[in-house]
Amino acid sequence: MTDAPLLSVRDLRKEFVTGRGGLARHRRSILAVDDISFDVAPGEVLGLVGESGCGKTTTGRLILRLVEPTSGHIRYRDRDLLALSPAEMRTMRKELQIIFQDPFGALNPRMTAGELVIEPLVVHGVGDSASRETRLREVLDLVGFSSWHAGRYPHEFSGGQRQRLCIARALVLNPSLVICDEAVSALDVSVQAQILNLLQDLRSELGLTYLFISHDLGVVHHISDRVAVMYLGQIVEIADKKSLFDAPAHPYTQALLDSVPSAQKGRKSFFTIPGDVPSAANPPPGCRFHTRCPMAQDRCKTDAPRLRPLSDGRLVSCHFAETSQANHVRSVG
């Protein structure tokens, strides 16, 4: 990895306005992504994890401008993606691809596997018919298919095979950055392992960079180099994988890890985060996690913490991160 990030996100924000009519009382604002910042280095896998509805999928779509941000900055290879025209962004998407959660819903059932994989080449005007067929065979081979699979339709594949087909479709344009949006969550556990191993092999072979979005901590632990934890539209902790899983600093990260069943001596076997996730349309003031945090103090109710570095280099959004981390290490040690 180099020092310069491949992708740099700064102060990214997305506000959705819901409701009907022209009167303000009929509308409400939902801040799905609220002022988040992070970098992804070339060749890195950054895991983005959090509860359902925390904004992680929206983040992935904002980066690709499948959803337009309200404000912020997104730089890829030092180019400002938000400054690009629609035509320029369409060209840039050859380098930025996404693997969606539902492999069946992402594929046109009326097209053969070969047509589906070749389609991005046609859309972007890459190559002629002969070169596209050659590229098709190359990509099918990369994901473990034979050339005869090209004539089959999506319904003739298993769930894992359909996801392999989606991966082939994402790779056919030789991207550098792939956003994996819950790419294995719809699959059986045994098939998940196959797809994760395939993604790791392709990363090594092709030099890919992944933003890996998931709610599954086990999957994130398996594939990621670093992990960013989201809660209610904000990133609350970013750390390398080992540091985060061994000694989480933010109380929300600790609660997430403690909620995973474990037979490890000294750890809780199962823990439920108290309370419900507040509404994104009416988030609490101060620290957004304070309504569920066992360490919350008066300051947390009014003073919103910012991401700040700790002594080990990780970034944490918590006023009392050092105390929280020390207490958690003692409780599970």
Side-chain angles (χ1 to χ4, degrees), residues 4-7 40 42-45 60-68 74-154 156-157 161-181 183 195 198-213:
L6 181 71
L7 175 73
V40 186
E44 181 183 32
V45 180
R61 296 182 180 223
L62 290 173
I63 292 169
L64 294 177
R65 288 182 61 186
L66 300 177
V67 176
E68 289 293 334
I74 304 170
R75 301 193 71 84
Y76 170 77
R77 295 193 190 278
D78 208 32
R79 292 195 67 183
D80 184 358
L81 296 186
L82 300 187
L84 300 182
S85 69
E88 291 171 328
M89 189 63 209
R90 196 176 306 116
T91 300
M92 182 62 73
R93 287 200 182 103
K94 289 189 289 186
E95 298 188 44
L96 306 165
Q97 289 291 301
I98 186 168
I99 302 169
F100 293 104
Q101 176 177 355
D102 180 8
F104 194 75
L107 300 172
N108 187 333
R110 300 188 179 204
M111 298 175 70
T112 66
E115 291 169 338
L116 287 164
V117 174
I118 284 178
E119 185 182 31
L121 298 175
V122 176
V123 168
H124 288 279
V126 177
D128 55 19
S129 179
S131 65
R132 290 169 187 166
E133 288 293 332
T134 300
R135 180 60 180 158
L136 170 63
R137 291 192 294 270
E138 291 173 351
V139 174
L140 290 179
D141 182 65
L142 275 176
V143 299
F145 285 148
S146 300
S147 57
W148 59 267
H149 283 100
R152 298 174 65 179
Y153 288 87
E156 299 179 272
F157 292 92
Q161 289 176 321
R162 284 195 289 267
Q163 197 60 292
R164 287 175 183 268
L165 187 56
C166 289
I167 294 171
R169 184 177 163 90
L171 296 181
V172 72
L173 289 167
N174 286 313
S176 297
L177 175 67
V178 178
I179 297 175
C180 303
D181 183 13
I195 298 301
L198 173 62
L199 289 172
Q200 288 181 314
D201 290 343
L202 292 172
R203 172 198 179 190
S204 299
E205 185 173 346
L206 304 177
L208 296 173
T209 302
Y210 295 138
L211 176 62
F212 194 90
I213 299 168

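Position 1 is the first residue of the sequence; numbering continues from there.
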Requested in this report: Check for a donor-acceptor pair, side chain of Arg203 on one end and backbone N or O of Thr209 on the other, with a separation under 3.5 Å.
Outcome: no
Report task. For residues Leu206 and Leu142, determine if any side-chain heavy atom of one lies less than 4.5 Å from a side-chain heavy atom of the other. Result -> yes
Requested in this report: Report yes if the side chains of Asp181 and Ile99 come closer than 4.5 Å at any heavy-atom pair, otherwise no.
Outcome: no
Query - Minimum side-chain heavy-atom gap Gln97-Asn174 below 4.5 Å - result: no
Report summary line: Interatomic distance, CZ@Phe212 vs CD1@Ile179, rounded to 0.5 Å, equals 12.5 Å
Query - Residue pairs passing the salt bridge (Lys or Arg N to Asp or Glu O under 4.0 Å) test where at least one lies in residues 169-178, sequence neighbours excluded - result: Glu119-Arg169
Query raised in the report: Any side-chain heavy atom of Val172 within less than 4.5 Å of one from Arg135?
Result: yes
Query - Val40 and Leu6, any side-chain heavy atoms less than 4.5 Å apart - result: no
Report summary line: Residues at least two apart in sequence or cross-chain that pass salt bridge (Lys or Arg N to Asp or Glu O under 4.0 Å) with Asp78, listed by chain then number, are Arg75
Report task. For the pair Glu88 (side chain) and Ser85 (backbone), establish whether a donor and an acceptor sit closer than 3.5 Å, ignoring hydrogens and angles. Result -> yes
**Report entry** Glu95 (side chain) donor-acceptor with Met92 (main chain) under 3.5 angstrom
**Finding:** no
Requested in this report: Kindly indicate, with the supporting measurements, whether the criterion side-chain contact (heavy atoms from CB on, under 4.5 Å) is fulfilled by Leu66 and Arg93.
Outcome: CA-CA 10 Å; Leu66 300 177; Arg93 287 200 182 103; 4.2 Å; yes
Query - Interatomic spacing from CG in Leu116 to CZ in Arg162 - rounded to 0.5 Å - result: 12.0 Å
Query - Those residues that, when tested against Ser129, pass side chain to side chain contact (heavy atoms under 4.5 Å, CB included) (two or more places apart) - result: none
Report task. Nearest 0.5 Å please: distance from the OG atom of Ser204 over to the CG atom of Asp201. Result -> 6.5 Å
Query raised in the report: Is it true that a side-chain atom of Arg164 and a backbone atom of Ile195 form a donor plus acceptor pair closer than 3.5 Å?
Result: no
Query raised in the report: Do the side chains of Leu96 and Ser176 get nearer than 4.5 Å, heavy atoms only?
Result: no
**Report entry** Distance, nearest 0.5 Å, that separates OG1 of Thr134 from CG of Asp128
**Finding:** 8.5 Å
Query raised in the report: Below 4.5 Å, heavy atoms only, C-beta onward: do Val117 and Leu165 meet side chain to side chain?
Result: yes
Query raised in the report: Any sub-3.5 Å donor-acceptor pair from Arg132's side-chain atoms to Gly127's backbone N or O?
Result: yes
Report summary line: Distance col, row Leu173:CG vs His124:NE2, nearest 0.5 angstrom, shows 5.0 Å
Query raised in the report: Of all heavy-atom pairs between Thr112 and Gly151, which one has the smallest distance, and what is that distance?
Result: CG2-O, 3.9 Å
Report summary line: Closest non-hydrogen contact found for Leu211 with Leu177 is N-CD1, 4.2 Å
Query raised in the report: Looking only at heavy atoms, what is the nearest atom pair of Ile74 and Ile63, with distance?
Result: CD1-CA, 3.8 Å
Report task. Work out which heavy atom in Leu199 is nearest to a heavy atom in Cys180; give both atom names and the distance. Result -> CD1-SG, 4.4 Å
**Report entry** Contacts of Arg61 that satisfy salt bridge (Lys or Arg N to Asp or Glu O under 4.0 Å) - sequence neighbours left out
**Finding:** none
**Report entry** Heavy-atom pair with the smallest gap, counting every atom of Pro42 and Ala4
**Finding:** CD-O, 3.3 Å
Compile the donor-acceptor pairs under 3.5 Å between side chains in residues 100-109 and protein atoms, sequence neighbours left out, one pair per line.
unit_1: Gln101; atom_1: NE2; unit_2: Ser185; atom_2: OG; d: 3.2
unit_1: Asp102; atom_1: OD1; unit_2: Phe104; atom_2: N; d: 3.1
unit_1: Asp102; atom_1: OD1; unit_2: Gly105; atom_2: N; d: 3.3
unit_1: Asp102; atom_1: OD2; unit_2: Gly105; atom_2: N; d: 3.3
unit_1: Asn108; atom_1: OD1; unit_2: Arg110; atom_2: N; d: 2.9

Query raised in the report: Just by distance, do the side chain of Tyr210 and the backbone of Gln200 share a donor-acceptor pair under 3.5 Å?
Result: no
Query - Closest non-hydrogen atom pair, Leu84 against Arg79 - result: CD2-NH2, 3.2 Å
Report summary line: The side chain to side chain contact (heavy atoms under 4.5 Å, CB included) partners of Arg152 (sequence neighbours excluded) come to Trp148, His149, Glu156, Phe157
Report task. Decide side-chain contact (heavy atoms from CB on, under 4.5 Å) for Glu44 and Leu7; before the verdict, give the C-alpha distance in whole Å, the side-chain angles of both, and the deciding distance to 0.1 Å. Result -> CA-CA 10 Å; Glu44 181 183 32; Leu7 175 73; over 6 Å; no
Report summary line: Output for pair (Leu81 CG, Leu62 CG), nearest 0.5 Å, gives 11.5 Å
